[in-house]
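Taking it in order: structure first as structure tokens, then the write-up.
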Amino acid sequence: MEKLEKLYEGKAKQLFATDDPEVLWVEYKNSATAGDGEKKEDFAGKGRLNNRITTLVFDLLAKRGIPSHLVKRVGDTAQLVRKMDMFPLEIVLRNTAAGHFCSRLGVEEGIDFDEPVLEYFMKNDELHDPFVNDDDLVVLHVCTRQDLAEIAPLAKRINEALIDIFAKIDVKLVDFKIEMGRTSDGTLLLGDEITPDSCRLWDQRDHSGKVEHLDKDLFRRDLGDIIPAYEEIERRLSELAASEGIAID
Ligand code: UDP
């Protein structure tokens with residue numbers, strides 16, 4: 001597969017065309033951003049780790065009946081994905097109170113919910129990715145009611161599968177962000193990435209009583225180096241994938 005012209009550059013990834021019109025080439029970068037892009041830093045090895053982690057998570061999800069856009073990993077920092085028409089949406093699932101949920105609603109961090117909370121944020125840098133509801137999305141023609149009737153249950157299924165995956169490596173899945181799109185034949189698929197950049201992951205192997213973050217909150221809140229945490233997630237997911245017979249190289 002040949003890597004052709006750059007189509008897009010985001011905060012953590014670059015997207016390239018390939019000689020197959022249905023396939024894109026994703027390059028994971030070493031940069032981390034937080035606070036709406038105000039805080040930015042490069043971490044050697046982050047691109048490689050996130051490329052591996054996304055691949056492992058997507059493979060583990062596929063094993064649980066949830067396909068994604070991933071075709072295959074093709075190098076340290078690169079993977080091939082199916083081209084999709086993406087919904088300009090950040091789909092957030094929360095199992096435990098953290099982040100914006102706490103600041104917006106005055107709730108203490110760490111409270112477990114009786115049921116998952118599904119939230120949508122419209123991807124729009126100028127407006128700082130505003131929080132929106134179903135009606136907003138429909139009247140703005142971001143998606144249809146029918147789209148939402150597919151997106152919401154898929155998001156909940158992904159949450160259940162991810163809770164299972166992370167529980168098996170002694171990690172609590174607090175919340176995460178996903179993105180979805182449709183392939184040229186109209187199939188709704190999970191896209192983008194699932195990494196410690198896009199999830200809050202709390203270590204359950206630490207018994208000190210305080211929260212041990214294995215995610216980007218280490219960077220957001222200046223709590224410590226992200227690389228050892230990302231390495232730990234990669235190591236545990238690799239072991240889980242191997243135990244489930246998933247081929248990893
Ligand atoms: N998230 C993300 N990208 C964003 C905003 C949030 O991946 O642009 C993830 C974040 O890592 C967390 C979840 O979505 O796992 C919920 O984030 P929240 O709304 O609490 O916002 P934050 O506090 O991260 O700004």
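For ligands, and for the atoms within them, numbers begin at 1 and follow the listed sequence.
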Using non-hydrogen atoms of the residue, decide whether Val174 is closer than 4.0 angstrom to ligand 1.
no

Ligand 1 to Arg220, heavy atom cutoff 4.0 Å, flagged ligand atoms 10 (C), 11 (O), 24 (O)

Would you mind telling me if ligand 1 is within reach of the side chain of Asp215, the backbone, both or neither, using heavy atoms under 4.0 Å?
neither

Examine the proximity of ligand 1 to Glu90 and report which part, side chain or backbone, both or neither, has a heavy atom under 4.0 Å away.
side chain

Based purely on interatomic distance, does Arg94 place a nitrogen or oxygen under 3.5 Å from a nitrogen or oxygen of ligand 1?
yes

Parallel, tilted or perpendicular for His213 and Trp202, by the 30°/60° rule?
perpendicular

Does Arg200 make a cation-pi contact with Phe176, if we ask for NZ or CZ under 6.0 Å from the ring centre and within 45° of the axis?
no

Do Phe87 and Leu189 share a hydrophobic cluster (ILVMFWY, side-chain heavy atoms under 4.5 Å, transitive)?
no

So which heavy atom in the protein is nearest atom 1 (N) of ligand 1, and how far is it from that ligand atom?
Lys177 CB, 3.7 Å

Going by side-chain heavy atoms closer than 4.5 Å, which hydrophobic residues are tied to Val81, directly or by a chain of links?
Leu7, Tyr8, Leu15, Leu24, Val26, Tyr28

Please identify which atoms of ligand 1 are closer than 4.0 Å to at least one heavy atom of Cys199.
11 (O), 15 (O)

What part of Asp175, side chain from CB on, backbone N/CA/C/O, both or neither, has a heavy atom under 4.0 Å from ligand 1?
both

If you look only at distance, which donor and acceptor atoms sit under 3.5 Å apart when one is on a side chain in residues 62-71 and the other is two or more places apart or in another chain?
unit_1, atom_1, unit_2, atom_2, d
Lys63, NZ, Glu244, O, 2.9
Arg64, NE, Asp164, OD2, 2.8
Arg64, NH1, Leu60, O, 3.0
Arg64, NH1, Glu244, OE1, 3.0
Arg64, NH2, Asp164, OD2, 3.2
Arg64, NH2, Glu244, OE2, 2.7
Ser68, OG, Leu70, N, 3.1
His69, NE2, Asp192, N, 3.4
His69, NE2, Asp192, O, 3.0

Identify the protein heavy atom lying closest to atom 17 (O) of ligand 1, giving its residue, its atom name and the separation to 0.1 Å.
Arg200 NH1, 3.5 Å

Any chance the side chains of Ser184 and Glu22 put a donor and an acceptor closer than 3.5 Å?
yes

For Phe219 and Phe43, take the angle between the two ring planes, folded into 0 to 90°, and tell me which bin it lands in: parallel under 30, tilted 30 to 60, perpendicular over 60.
perpendicular

N-O pairing of Arg221 and Asp215 below 4.0 Å
no

Only heavy atoms of Gly99, strictly under 4.0 Å: list the atoms of ligand 1 that pass.
20 (O), 23 (O)

Under 4.0 Å from one or more heavy atoms of Asp197, ligand 1 contributes atoms 7 (O), 11 (O)

For atom 20 (O) of ligand 1, what is the closest protein heavy atom, and at what distance to 0.1 Å?
His100 N, 2.8 Å

Salt bridge (charged side-chain N to carboxylate O under 4.0 Å, His left out) assessment of Glu27 paired with Lys3
CA-CA 10 Å; Glu27 282 284 344; Lys3 179 175 160 190; 3.4 Å; yes

With respect to Asp129, determine whether any N or O atom, backbone or side chain, lies less than 3.5 Å from an N or O atom of ligand 1.
no

